[in-house]
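For this chain, numbers begin at 1 and follow the sequence in order. What you see below is based on every heavy atom in this structure, not just the backbone, and it leaves out hydrogens, waters and symmetry mates.
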Amino acid sequence: MKELIVKKNDAGQRLDRFVGKAVPLLPESLLQKYIRLKRIKLNGKGAKRDTHLNEGDLLQLYINDEFFEKPREENAYLKVGTPRLSIVYEDENILLADKKPGVLCHSAGVWDYNTLIANIQAYLAQKGEWRPREENAFAPALCNRIDRNTGGIVIAAKNAEALRILNDKIRDREIEKYYLCAVQGRPKPAEGRLENYLFKDASRNQVYIKQKSEPGARTAVTEYRTLCSSGKLSLVECRLLTGRTHQIRAQMAWAGWPLLGDGKYGSERFNKGFDEKGQALYSYRLVFDFPTDAGILQYLKGREFRVEKIDFVEKYFPDHRIDGQRG
């Protein structure tokens with residue numbers, strides 16, 4: 001139990017709003033529930049959420065200690081009320097989440113609990129599969145990341161052994177990742193391989209294509225094939241053989257087929273004709289290839305997973321079906 005005394009600068013605020021600011025890790029749903037259950041008392045008594053506070057009022061908060069911690073990424077899951085997740089696959093070792101465009105994998109610079117990892121950790125904690133107070137160091141973690149405005153499958157490890165194995169498999173290119181993108185025009189040839197060098201300007205968060213190797217530039221290889229075309233757009237599947245920042249976006253634009261809605265590498269003039277807020281790019285397919293032993297994850301060898309729905313595919317290529325299986 002914690003006690004708070006309302007000071008002059010806090011007087012006049014509603015009870016629920018004051019507590020929400022004083023205990024930032026407490027989810028809104030729990031805050032309202034605790035007020036109803038009188039686990040938050042005002043001057044020794046229960047009070048309504050819209051009660052206005054006066055200077056000198058005493059608040060008694062019968063709330064678990066962890067909610068009083070200083071907010072940071074490691075405890076952001078506590079703020080999540082009902083986790084918002086689209087789960088492609090889950091077992092005792094891993095979880096495959098379909099990250100939607102606009103969602104961050106991790107917080108970026110400032111504290112944020114609306115991230116994919118916070119929602120996954122909250123989901124596992126609320127199910128009782130992860131008990132953070134009983135762990136010395138481990139927390140469920142993401143094994144790959146996707147840009148904020150790109151959607152697709154992200155792998156989360158539920159235990160330390162799975163995390164180690166998955167990190168090794170990703171490093172050794174034993175997990176195949178395929179993307180779908182809507183591009184301007186019709187790629188010629190219809191399928192092929194883009195291989196060049198990417199130089200990253202960290203200050204601008206932008207990469208540049210180089211035809212020859214030079215200091216700071218890294219090899220980038222993408223295989224692509226056109227699945228169908230409609231009007232001014234083509235639907236293209238890309239397979240990453242390397243995993244560089246903005247690789248598909250930069251390479252496709254360099255080849256003359258910029259991604260629809262890409263404000264950084266695409267055509268602003270072309271994009272004005274479409275109502276898109278971000279690049280039409282989705283990491284839609286994942287294959288666990290595993291040519292070498294995968295330990296406790298060996299059962300995943302050869303299995304393939306895909307997302308079932310992609311908005312830009314349904315919008316611009318309604319006759320194309322994303323066939324696949326859940327493993």
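- Following chains of ILVMFWY side-chain contacts shorter than 4.5 Å, one can reach Phe274 starting from Leu180, so the two form part of one hydrophobic cluster.
- Using a 4.0 Å cut-off between charged nitrogen and carboxylate oxygen, Arg171 and Asp168 count as a salt-bridge pair.
- Salt bridge absent: Lys79 and Glu28 never bring a charged side-chain N and a carboxylate O closer than 4.0 Å.
- A side-chain donor-acceptor contact under 3.5 Å links Thr242 to the backbone of Val221.
- A continuous path of ILVMFWY side-chain contacts below 4.5 Å connects Ile170 to Val88, so both sit in one hydrophobic cluster.
- The number of heavy atoms from other shown groups lying within 6.0 Å of NZ (Lys100) is above 12.
- Within 6.0 Å of CG in Asn9 there are 12 or fewer heavy atoms belonging to other residues, nucleotides or ligands.
- A side-chain hydrogen bond (donor to acceptor under 3.5 Å, both in side chains) with Tyr265 is found for one member of His246, Gln251, Gln279 and no other, namely His246.
- Put simply, Leu142 and Val103 are part of the same group of oily side chains (I, L, V, M, F, W, Y) that touch within less than 4.5 Å, one to the next.
- Of all the heavy atoms in Arg204 and Lys264, the pair that sits closest is O-NZ, 3.6 Å.
- One hydrophobic cluster, built from ILVMFWY side chains closer than 4.5 Å, cannot hold both Leu198 and Ile146; they sit in different ones.
- Between Lys8 and Glu55 there is no salt bridge, since none of the side-chain N atoms of the basic residue sits less than 4.0 Å from a carboxylate O of the acidic one.
- Taking 4.5 Å as the limit, some side-chain heavy atom of Phe317 sits within range of a side-chain heavy atom of Leu233.
- Within 6.0 Å of the CZ atom in Arg39, the count of heavy atoms belonging to other residues, nucleotides or ligands exceeds 12.
- Across all non-hydrogen atoms, the minimal contact from Ser107 to Val110 is CB-O, 3.4 Å.
- Rounding to the nearest 0.5 Å gives a distance of 11.0 Å between CG of Asp10 and CG of Asp57.
- Phe138 and Ala157 make their closest contact through CZ-O, 3.9 Å (heavy atoms, listed as atom of the first residue, atom of the second, distance).
- Annotation for Ala294 and Ile165: closest pair O-CD1, 3.4 Å, computed over non-hydrogen atoms.
- Between Gln211 and Trp254, the closest side-chain pair of non-hydrogen atoms falls below 4.5 Å.
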Derivation of the salt bridge (Lys or Arg N to Asp or Glu O under 4.0 Å) call for Lys48 and Asp50: CA-CA 6 Å; Lys48 294 182 178 180; Asp50 59 354; over 6 Å; no

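- At least one donor-acceptor pair closer than 3.5 Å links the side chain of Gln126 to the backbone N or O of Gly81.
- Remark: Arg49 CZ is loosely packed, at most 12 non-hydrogen atoms of other residues, nucleotides or ligands lying under 6.0 Å away.
- One N or O on the side chain of Asn43 and one on the backbone of Leu58 form a donor-acceptor pair closer than 3.5 Å.
- If you look at Tyr224 and Trp257, their ring centroids are closer than 6.0 Å.
- Minimum interatomic distance between Ala141 and Ile117 (heavy atoms only, all atoms of both residues): CA-CD1, 4.0 Å.
- Side-chain contact between Phe312 and Ile310: present, with at least one pair of heavy atoms (C-beta onward) separated by less than 4.5 Å.
- Shown here is Arg193, whose CZ atom has more than 12 heavy atoms of other residues, nucleotides or ligands within 6.0 Å.
- Looking at Asn167, its side chain never comes within 3.5 Å of a backbone N or O of Arg164 through a donor-acceptor pair.
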Begin from the C-alpha positions of Gln206 and Lys200 and carry the test side-chain hydrogen bond (donor to acceptor under 3.5 Å, both in side chains) through to its verdict. CA-CA 6 Å; Gln206 187 165 348; Lys200 182 178 180 180; over 6 Å; no

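- Counting heavy-atom neighbours within 6.0 Å of Asp201 CG, excluding the residue itself, gives a total above 12.
- Residues Phe305 and Tyr89 bring their aromatic ring centres within 6.0 Å.
- For the residue pair Thr292 and Lys169, a side-chain donor N or O sits within less than 3.5 Å of a side-chain acceptor on the partner.
- Gln184 meets the side-chain contact (heavy atoms from CB on, under 4.5 Å) test with Pro258, Ser267, Phe270; sequence neighbours excluded.
- Every side chain to side chain donor-acceptor pair (under 3.5 Å) that Glu90 has, sequence neighbours left out, goes to Tyr123, Lys127, Lys158.
- One finds no salt bridge joining Lys212 and Glu214 here, because no Lys/Arg side-chain nitrogen approaches an Asp/Glu carboxylate oxygen to under 4.0 Å.
- Under the 4.0 Å criterion applied to side-chain N and carboxylate O atoms, Glu276 and Lys315 are assigned as salt-bridge partners.
- By the neighbour-count criterion of 12 heavy atoms within 6.0 Å, atom CZ of Arg218 is sparsely surrounded, having that number or fewer from other residues, nucleotides or ligands.
- Looking at Arg225 and Glu191, no side-chain N of the basic residue comes within less than 4.0 Å of a carboxylate O on the acidic one, giving no salt bridge.
- Between Tyr197 and Ile209, every side-chain heavy-atom pair lies at or beyond the 4.5 Å cut-off.
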Dump the intermediate steps for ring pair (Phe, Tyr, Trp, His ring centres under 6.0 Å) on Tyr77 and Trp130, then the final yes or no. CA-CA 12 Å; Tyr77 72 92; Trp130 175 49; 4.9 Å; yes

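- To the nearest 0.5 Å, atoms CD1 (Ile40) and NZ (Lys38) are separated by 13.5 Å.
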Run the salt bridge (Lys or Arg N to Asp or Glu O under 4.0 Å) check on Glu237 and Arg285 step by step: do they pass? CA-CA 10 Å; Glu237 180 189 69; Arg285 179 181 167 205; 3.2 Å; yes

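- In this structure, the side chains of Ile248 and Cys238 come closer than 4.5 Å at one or more pairs of heavy atoms.
- Side-chain contact of Thr222 with Gln247: a donor-acceptor pair under 3.5 Å is present, judged by distance alone.
- Side chains of Asn93 and Tyr299: a donor on one and an acceptor on the other come within 3.5 Å.
- Taking the six-membered ring where the residue is Trp, the centroids of Tyr284 and Tyr282 are separated by 6.0 Å or more.
- Between Lys2 and Gln60, the side chains place no donor N or O within less than 3.5 Å of an acceptor N or O (distance only, hydrogens not considered).
- Two different hydrophobic clusters hold Leu163 and Leu300 under the rule that ILVMFWY side chains link at heavy-atom gaps under 4.5 Å.
- Side chain of Thr226 to main chain of Ala190: a donor-acceptor pair is present (N/O by atom type, distance under 3.5 Å, no hydrogens or angles).
- Looking at Asn159 and Ile296, their side chains come closer than 4.5 Å, going by heavy atoms from C-beta outward.
- In this structure, the side chain of Asp172 does not engage the main chain of Glu174 through any donor-acceptor pair within 3.5 Å.
- Taking 4.5 Å as the limit, some side-chain heavy atom of Leu53 sits within range of a side-chain heavy atom of Leu15.
- The heavy-atom pair separating Val207 from Thr245 by the smallest distance is CG1-O, 3.5 Å.
- The stretch residues 241-257 participates, sequence neighbours left out, in these salt bridge (Lys or Arg N to Asp or Glu O under 4.0 Å) pairs: Asp147-Arg249, Arg249-Asp262.
- Within the 4.5 Å cutoff, side-chain heavy atoms of Tyr179 are placed close to those of Leu281.
- The environment of Ile5 atom CD1 is sparse: at most 12 non-hydrogen atoms of other residues, nucleotides or ligands sit within 6.0 angstrom.
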